[in-house]
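Residue numbering restarts at 1 for every chain, and letters A, B, ... go by the order of the sequence lines. Here the structure is a predicted model, which means the values were calculated and not measured.
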Amino acid sequence: MRDSLSRRRLLSAGAIGAGGLLLAGCDRLSKPGPFRSLLESAEGAHFHSQRLIIGDALAQEFSVADMSPNFRANGNRDANGNAAWLSHSARQFADWQLRVDGLVLRPLDLSLEALKAMPQRAQITRHDCVEGWSAIGKWRGPQLGAVLKSAGLLPSARYIVFHCADSTGTSPYYESLDLIEAHHPQTILAWEMNGAALPIAHGAPIRLRAERQLGYKHAKYVMRIEARASLAGLYGGKGGYWEDARGYQWWAGI
Amino acid sequence: MDDLFPDTTSAPDQLKRHRLSTRIWHWINVIAVTVMAMSGLMIFNAHPRLYWGRFGANPDHAWLELPEFPGWMTIPSTYSLADARLWHLAFAWVLALGLLFYLLRSLFNGHLKRDLHITCAEWSPSHLWQDIKDHARLKFPTGAAAARYNVLQKLAYCGVLFVLLPLIIFTGLAMSPALDAGLPLADLFGGRQSARSLHFIAMCGLVLFVLVHLVMVVLAGPVNEVRSMITGWYRLPKENEVKDDA
């Protein structure tokens, strides 16, 4: 029994030591290197398996009764640091224009009135923040696919990038979608939220709704939409502000 | 190596208790469950409030609000939602595929039927009550009886295999906005925020299981128990031995 007891002590000492090593080890393994690359490869597995399972299915839509009584605004609450946006905001975006350019046949400048004159889609959907909370709201605006169609994407276009007026420090907010999410029927440029003009805190004059993605994809204060062949060479090259700044996954489906 | 159970060529007080598939899955899960729980607590720290229903955010009523979990409980040890998600979502594959392969393997090699199936006799209240009393008195089976799982053990293992692990995996999937588009997962659990709450509750259940499991291993003789999960060989406790040990 003495033998067994000392072995027992050894085991528990080993367990405590292993616990300490585990913590230090996990932090070390999080640093750039082969193990982190292995962890990061899971994003590709999510992307391909989820696309395979969901196809072009629509995100769940809700009834008015399901809506959040108070929809939390998140991220930047204004784009006051951007002089152009600030002056447009002061004039209720009356002569604001959305620039659509990059790998397109016909670069466009679309006023808010022009966007409102297009066929509209209204949807009551759930907004899922990467932090874990959810809010349900009603959104209305033209489908991004229709905007892209009128600009005419060139065959080399692979990604649609959303350049925003807001920034954190000196880093402007931007996000990107591939062509499948960009052409998804529920991907709209919302100028209306819960039946009223999109509030400043939620990204006036327009914000992107990409309903099968987490909240950070839903770019606010969108000023320019650019079609690109690659995300490389644009800011940090990872396709979005949070992707560059914090390492959030570009595929925001989970 | 897998089908030597029980081994007849060995000394009568030893037997091959755990198959290779059980041992491999056990140690993979030691790592996977630990990483999932600790990285999950860091993800929870990003918004340490739980809601019920389809939506839930700061303006809404939270049924549970906790202080943030300290660094020694989380992966990584300092705040990083992005890195925690990196760990959590990668090891989710290990946890889910591990369970899938283990359940299939255990179905086909007879482990489920032979070792985990709870018989009618074991379901009888008197049998259950006897087992509860034995556990409360720390009276563990000896000799040949120790070769089999007792009914409380079977209930605990089946609860983990068929309730807690599937629940934590499917509530995890239900939180994915992409998967929710194709599969009605969130509403299956009463909405995405309910799924998130159930995910947390299932984690608490698994942690409780692990704690009780570790206590039982220590009480039943840790060297013998740990060795049997490494080599497969289990020494059947003799009549007077368990008492001395405890």
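The shortest side-chain heavy-atom distance between A/Trp251 and A/Gln50 falls under the 4.5 Å cut-off. Looking at B/His18 and B/Trp233, their side chains never come closer than 4.5 Å, going by heavy atoms from C-beta outward. By the 4.5 Å heavy-atom criterion applied to side chains, B/Tyr102 and B/Ile24 are not counted as neighbours. Between A/Val130 and B/Arg85 there is a side-chain heavy-atom pair separated by less than 4.5 Å.
Only the side chain of A/Asp27 comes within less than 4.5 Å of a heavy atom in chain B; its backbone stays farther off. The contact between B/Phe91 and chain A is made entirely by side chain atoms (from C-beta outward), counting heavy-atom distances below 4.5 Å. In this structure, chain B has heavy atoms under 4.5 Å from both the backbone and the side chain of A/Glu40. Using a 4.5 Å cut-off between heavy atoms, A/Leu58 contacts chain B through its backbone alone, with no side-chain atom that close. Looking at A/Phe71, there are no atoms closer than 4.5 Å to chain B (heavy atoms on both sides), in backbone or side chain. In this structure, chain A has a heavy atom under 4.5 Å from the side chain of B/Ile75, while its backbone stays farther away. Proximity to chain A (any heavy atom under 4.5 Å) is restricted, for B/Leu183, to the side chain, taken from C-beta onward. Using a 4.5 Å cut-off between heavy atoms, B/Ser80 does not touch chain A at all. For a residue to count as touching a neighbouring chain, one of its non-hydrogen atoms must lie under 4.5 Å from one of that chain's; by this rule B/Ala92 does not touch chain A.
A donor-acceptor contact closer than 3.5 angstrom is absent between the side chains of A/His127 and A/Trp133.
The residue among B/Leu81, B/Asp83, B/Asn224 with the most heavy atom pairs within less than 4.5 Å of chain A is B/Leu81. Chain A forms more heavy-atom pairs under 4.5 Å with one residue of B/Gly56, B/Ala186, B/Ala46, B/Gly182 than with any other, namely B/Gly56. Chain A forms the most heavy-atom pairs under 4.5 Å with one residue out of B/Leu89, B/Asp180, B/Leu173, and that residue is B/Leu89. Between chain B and the residues A/Ser41, A/Ala42, A/Ala252, the most heavy-atom pairs under 4.5 angstrom are made by A/Ala42. Put simply, of A/Glu211, A/Arg51, A/Gln249, the one with the most heavy-atom pairs under 4.5 Å next to chain B is A/Gln249. Taking chain A as the reference chain and counting heavy-atom pairs below 4.5 Å, the highest number among B/Pro76, B/Gly191, B/Ser77 is found for B/Ser77. If you tally non-hydrogen atom pairs under 4.5 Å between each of B/Asn45, B/Asp187, B/Asp60 and chain A, the highest count goes to B/Asp187. In terms of heavy-atom pairs under 4.5 Å with chain A, the best-connected choice from B/Pro177, B/Ser39, B/Ala178 is B/Pro177.
Side-chain N or O atoms of A/Gln60 include none that pairs as donor or acceptor with a backbone N or O of A/Arg126 at under 3.5 Å. Between the side chain of A/Arg228 and the main chain of A/Tyr159, no donor-acceptor pair closer than 3.5 Å is present. Under the 3.5 Å distance criterion, the side-chain polar atoms of A/Asp244 are matched with a main-chain donor or acceptor of A/Gly236. Listed for the A/His218 side chain is a donor-acceptor partner under 3.5 Å among the backbone atoms of A/Ala210.
Using cut-offs of 30° and 60° on the angle between ring planes, the pair B/Trp87 and A/Phe35 is tilted.
Put simply, the residue from B/His199, B/Arg196, B/Arg192 that forms a side chain to side chain donor-acceptor pair (under 3.5 Å) with B/Thr171 is B/His199.
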